[in-house]
Amino acid sequence: MSLSRRNFVKLAAGMSAISVLAKSGVTKAKRGEPSLPVIVCSRGEKWGRKVNRAGWKILQKGGNVMDAVEKAANIVELDPRDDSVGYGGLPNEEGVVQLDSSCMYGPTHNCGAVACLEGIKTPSSVARLVMERTDHMLIVGLGAQRFARAHGFLVQELLTEKARIEWLKWKENLSKDDDWFSPKDGVYRDRQGRKYGTINVLAVDRGGNLAGVTTTSGLSFKIPGRVGDSPIIGAGLYVDNEVGAAGATGRGEEVIRSCGSFYVVALMRAGKNPTQACLDACRRIVEINKRAGTRITFSDKFIAVNKKGEVGCAAILGTKKDPPMVSVMTSKGLKAIAGEYLYDREGKNRD
Ligand code: GLY
């Protein structure tokens, strides 16, 4: 049974609506109080189970919340099957993988980030070292790589064969008029879609302390040196130990100019629940674009958790079959929660 939007909002407002994603789609709503500790990530069940489990092992033993989100983020960074984060991420327009990541620790309100980092599989761990072992907050490019090497990280090739082939296809199909031919010489195909995949991991420990990580290879085939929202504190990630935490995925340029994650946390501070706050941040991006006369052909998604462990998620675009997802692990196990969205992918306004 799928929920009607009205019912879903009503339940979500009570912080108890959980739509469990079964293989066939969103099938069920379950009531349940938020519980601590909790770890959440911006993926559905498949990745959510692997990623959250790594952090959960630390949280359930009463370990440090920052360790939990870092170890969880490392799972997807180190896995070459994911083409939007860490090792195996799609490269920039020159075929070089450049990674962005940030982290933030609630109890100290400290943060760290790296951008355009090449050759290091786990940028979130380097971001954490920027936070803990320097007086800086963001280190980029070669400086970030040198900093990582100083801390014993290996510089390795991050471009997998699969990602190289994706890049080459994109390159060979950019134009009929350049010198790059696809295998069927000269046959021009439609451009491959470009991706903004990213992962956010947020957690609250038993004592209500929060931490978060956002990590990505950024927009595929980007201009070398392009930095998205993920390493920008307040854009791709924000944590406030008094209130909650939020993270963003999707078109980073929009999240930067709306200070998206900061805005979500500010709305929670003002009393909105996590789902309402995420939805309002999506609305703000749409309004900014409407004012500029830009058609919404992209999506952004926010996930959020408040200090009590209540979780929310919303995106600009979605469909009934493929809604924005957040997966949540507590002592009760893993739940994949379907979030709200403003427009279905065909452009119909649901708001
Ligand atoms: N949200 C990821 C990026 O735009 O780089």
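When a ligand or atom number is given, it counts from 1 through the structure's own listing order.
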- Message: Within the 3.5 Å criterion, strictly below it, is a donor on N289 or E254 matched to an acceptor on the partner's side chain?
- Response: yes
- Is any N or O atom of D229, backbone or side chain, closer than 3.5 Å to an N or O atom of ligand 1? yes
- Message: Salt bridge or not between K290 and E287? Use side-chain N to carboxylate O under 4.0 Å.
- Response: no
- What atoms of ligand 1 come within less than 4.0 Å of a heavy atom belonging to T198? 1 (N), 2 (C)
- What atoms of ligand 1 come closer than 4.0 angstrom to any heavy atom of G218? 5 (O)
- For G250, atoms of ligand 1 separated by under 4.0 Å from a heavy atom: 1 (N), 2 (C), 3 (C), 4 (O)
- Query: Does the pair R128/E70 count as a salt bridge with the N-to-O cut at 4.0 Å?
  - Reply: yes
- Message: I need the atoms of ligand 1 closer than 4.0 Å to a non-hydrogen atom of G228, numbered in the order shown.
- Response: 5 (O)
- When only distance counts, is G252 in polar contact with ligand 1, meaning an N/O pair under 3.5 Å? yes
- Item | Q60 and S331 side chains, donor-acceptor separation under 3.5 Å | no
- Is there at least one pair of N or O atoms, one from R226 and one from ligand 1, spaced under 3.5 Å apart? yes
- Between L219 and ligand 1, which residue portion shows a heavy-atom distance shorter than 4.0 Å: side chain, backbone, both, or neither? backbone
